[in-house]
Colleague: 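Okay, handing you the structure first.
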Amino acid sequence: MRSLFLALVVVGAFAASAASASRIILPGTTPSSAQRYQQWMAQHGKAYKDAAEKAHRFEIFKSNMEHVERFNAGKHKYWLGLNQFSDLTNDEFVGLYTGYKRPASKFNSPKTSFRYENVSVAAVAATVDWRKRGAVTPVKNQGQCESCWAFSAVAATEGINKIKRGKLVSLSEQELVDCDVNGEDDGCKGGYMEDAFKFIINNGGIDTERNYPYDAAAGSCNSKKEADRAVDITGFEIVPENSESALLKAVSGQPVSVSVDAGGNFQHYKGGIFAGPCGTKLNHGVTVVGYDADEDGTKYWLVKNSWGTGWGEKGYIRMERGIDGVKGLCGIAMDASYPTIN
Ligand SMILES: *[C@@H]1O[C@H](CO)[C@@H](O)[C@H](O)[C@H]1NC(C)=O
């Protein structure tokens, strides 16, 4: 009797392990994390220098995947997903794919005039989407280069050029990365949107994307292309800081360069209205190209990023607007500016 009981236990255990093994192998069942890693690697064309690196990245991937699944199982205004950044820790990610660097001297920068100061918040359009008015080029990809600042400044410049002159021209981030090197902007090591506007002003314009294309690495300045001034601006202005209503007034008039803290869930954002939590340690430059609210009334900023179309909502993120606290979500209202054409 006793031995029969033991035999049954052994058979039972064997059956259970066989079942869990088949759960891993059979199609149509939940794949193991190792299988998902292989799948993800193939999807994103990932290759690692050796087995140790691959194993190390697998551990990070697993922890990111678990974070994504745990988060998505809860009730939130947004959701996360796997993307090209899923094998990076959050610190690595912020260190490689952002690039906002505000010079120390700019923390007390003199206020500029603000041409939207007398615009009434009550009078601005209820919703704005500069894409629908043809003032936004397709989402670009900064790659592994801390050049967000160039993408943010260029997107705002493309916008005002279309609004003032009627033509949407894709402009050259590479020119800023290569040629805007005599101040504090530093190619793939970070820079500042206001300084990029200053470069464009002083240079008398900026070349087209087509003529001076992006290659995600800092090179020497092509002075011949630098002299091709396809689009110029006459100035730039700073949005009064720590005011989402000032930002609203500015965005009602044109796409605006803003700075955010892109740590935390930004890395894994897949869709919905991003609501943090996030800090206000500004580290990333992006461009607000509109605002709206969803069906249940949650207000948001429509933000163009420069991480390709595989991240977020086809390269965009909707960030909650009108939050408690003057800095805005992730500090979006702390340091915003825009180019002007008189
Ligand atoms: C806003 O209104 C004030 C008072 O009328 C005026 O002095 C100022 O120049 C106006 N600002 C702009 C940008 O038009």
Side-chain angles (χ1 to χ4, degrees), residues 31-72 76 78-100 136-152 154-155 170 173-174 177 187-190 209 213-218 260-272 274 276 278 283-287 302-319 330:
S32 70
S33 40
Q35 284 174 316
R36 292 186 63 180
Y37 187 47
Q38 285 302 137
Q39 229 167 46
W40 174 87
M41 281 180 64
Q43 186 187 344
H44 295 282
K46 297 275 177 181
Y48 299 107
K49 66 174 180 354
D50 54 33
E53 178 68 7
K54 187 177 169 188
H56 173 59
R57 290 294 148 198
F58 179 42
E59 290 309 310
I60 298 167
F61 175 85
K62 262 195 298 196
S63 122
N64 282 333
M65 191 169 68
E66 281 158 20
H67 171 69
V68 165
E69 283 168 358
R70 213 177 309 119
F71 183 87
N72 288 347
H76 302 281
Y78 69 101
W79 52 96
L80 306 178
L82 297 178
N83 58 30
Q84 71 266 39
F85 306 129
S86 300
D87 62 346
L88 298 172
T89 67
N90 202 237
D91 283 347
E92 287 174 329
F93 168 72
V94 170
L96 289 170
Y97 290 96
T98 57
Y100 166 90
V136 183
T137 60
V139 167
K140 303 184 189 184
N141 194 343
Q142 70 186 79
Q144 208 177 89
C145 167
E146 296 260 286
S147 55
C148 67
W149 58 278
F151 284 84
S152 169
V154 160
S170 185
E173 292 81 11
Q174 194 64 40
V177 167
C188 286
K189 297 192 186 124
E209 183 85 71
Y214 189 64
D215 69 2
V260 296
D261 183 337
N265 278 342
F266 231 85
Q267 176 180 359
H268 313 289
Y269 169 77
K270 185 72 194 158
F274 188 74
C278 53
N283 52 29
H284 190 46
V286 289
T287 316
L302 178 61
V303 177
K304 185 189 191 192
N305 202 350
S306 49
W307 294 338
T309 53
W311 176 87
E313 296 183 328
K314 299 196 167 90
Y316 286 83
I317 180 170
R318 288 181 290 158
M319 293 178 66
C330 312

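Sequential numbering from 1 along the given sequence is applied to the chain's residues.
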Colleague: Looking at residues at least two apart in the chain, or sitting in another chain, which of them share a salt bridge (Lys or Arg N to Asp or Glu O under 4.0 Å) with D87?
Modeller: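 Here the qualifying residues are K46.
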
Colleague: Does the ring centre of F58 sit less than 6.0 Å away from the ring centre of W40?
Modeller: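 For W40 and F58, the ring centres are not under 6.0 Å apart.
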
Colleague: Are the side chains of K140 and Y214 in touch, meaning some heavy atoms are under 4.5 Å apart?
Modeller: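 Heavy-atom side-chain distance check fails, nothing below 4.5 Å.
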
Colleague: Side chain to side chain contact (heavy atoms under 4.5 Å, CB included) between L82 and H44: does it pass, once the steps are laid out?
Modeller: CA-CA 10 Å; L82 297 178; H44 295 282; 5.8 Å; no

Colleague: Identify the two heavy atoms, one from Q174 and one from A218, that lie closest to each other, and give their separation to 0.1 Å.
Modeller: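 Heavy atoms only, the tightest pair is NE2-CA, 4.5 Å.
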
Colleague: Please say which of V136, V286, V303 ends up in a side chain to side chain contact (heavy atoms under 4.5 Å, CB included) with Y316.
Modeller: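 Of all the options given, the one that passes is V136.
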
Colleague: Classify the angle between the aromatic ring planes of Y269 and F274 as parallel (below 30°), tilted (30 to 60°) or perpendicular (above 60°).
Modeller: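 Because their plane-to-plane angle is over 60°, the rings of Y269 and F274 count as perpendicular.
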
Colleague: Can you confirm if the aromatic rings of W79 and F71 lie within a centre distance of less than 6.0 Å?
Modeller: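 Distance test on ring centres: not under 6.0 Å, no.
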
Colleague: Output, in order, the C-alpha distance, side-chain angles, deciding distance and verdict of side chain to side chain contact (heavy atoms under 4.5 Å, CB included) for L80 and H67.
Modeller: CA-CA 9 Å; L80 306 178; H67 171 69; 3.7 Å; yes

Colleague: Which is it for E146 and T98 under the side chain to side chain contact (heavy atoms under 4.5 Å, CB included) test, yes or no, and what are the steps along the way?
Modeller: CA-CA 5 Å; E146 296 260 286; T98 57; 3.5 Å; yes

Colleague: Any side-chain heavy atom of I317 within less than 4.5 Å of one from K304?
Modeller: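 In short, these two side chains do not touch, never coming nearer than 4.5 Å.
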
Colleague: E313 and G272: which non-hydrogen atoms are nearest, and at how many Å?
Modeller: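 For E313 versus G272, the nearest heavy atoms are OE2-N, 2.9 Å.
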
Colleague: Using side-chain heavy atoms (C-beta onward) and a distance below 4.5 Å, is Q142 in contact with E173?
Modeller: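 Counting from C-beta outward, Q142 and E173 never come under 4.5 Å.
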
Colleague: Find the distance between CH2 (W307) and CD (Q267) and round it off to the nearest 0.5 Å.
Modeller: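 Taking CH2 in W307 and CD in Q267, the distance rounds to 8.0 Å.
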
Colleague: Please step through side chain to side chain contact (heavy atoms under 4.5 Å, CB included) for the pair Q35 and Q39, ending with a clear verdict.
Modeller: CA-CA 6 Å; Q35 284 174 316; Q39 229 167 46; 5.7 Å; no

Colleague: Does K62 pair with E66 as a salt bridge, N-O distance under 4.0 Å?
Modeller: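 Answer for the salt bridge query: no.
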
Colleague: Please give me the minimum heavy-atom distance between S33 and M65, naming the atom from each residue.
Modeller: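 Of all heavy-atom pairs spanning S33 and M65, the closest is CB-CE, 3.4 Å.
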
Colleague: Verify, without hydrogens or angle tests, whether N283 (side chain) and A262 (backbone) share a donor-acceptor contact under 3.5 angstrom.
Modeller: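 It does hold such a pair.
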
Colleague: If I take atom SG from residue C188 and atom CG from residue L96, how far apart are they, to the nearest 0.5 angstrom?
Modeller: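 It is 11.0 Å, given to the nearest 0.5 Å.
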
Colleague: Going by side-chain contact (heavy atoms from CB on, under 4.5 Å), name the residues that satisfy it together with Q38, two or more places apart in sequence or in a different chain.
Modeller: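 If we apply the side-chain contact (heavy atoms from CB on, under 4.5 Å) test to Q38, skipping adjacent residues, the hits are M41, K54.
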
Colleague: From F151 CZ over to T137 OG1, what is the distance, rounded to the nearest 0.5 angstrom?
Modeller: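 If I round to the nearest 0.5 Å, the distance is 10.0 Å.
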
Colleague: Calculate, to the nearest 0.5 Å, the distance between atoms CG and CZ belonging to N83 and F93 respectively.
Modeller: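 The CZ atom of F93 is 7.5 Å from CG of N83, to the nearest 0.5 Å.
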
Colleague: Would Y100 and S152 satisfy side chain to side chain donor-acceptor pair (under 3.5 Å), going step by step from the backbone distance to the final call?
Modeller: CA-CA 10 Å; Y100 166 90; S152 169; over 6 Å; no

Colleague: How far does CG of N305 sit from CZ of F266, to the nearest 0.5 angstrom?
Modeller: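 These two atoms lie 6.0 Å from each other.
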
Colleague: Can you name the closest pair of heavy atoms from G285 and C148 and give their distance?
Modeller: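 Heavy atoms of G285 and C148 come nearest at N-SG, 3.2 Å.
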
Colleague: From T89 OG1 over to E59 CD, what is the distance, rounded to the nearest 0.5 angstrom?
Modeller: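 Here the interatomic distance stands at 13.5 Å.
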
Colleague: Got R318 and Y78 here, is their nearest side-chain heavy-atom distance under 4.5 Å?
Modeller: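 The answer is no; the side chains never approach within 4.5 Å.
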
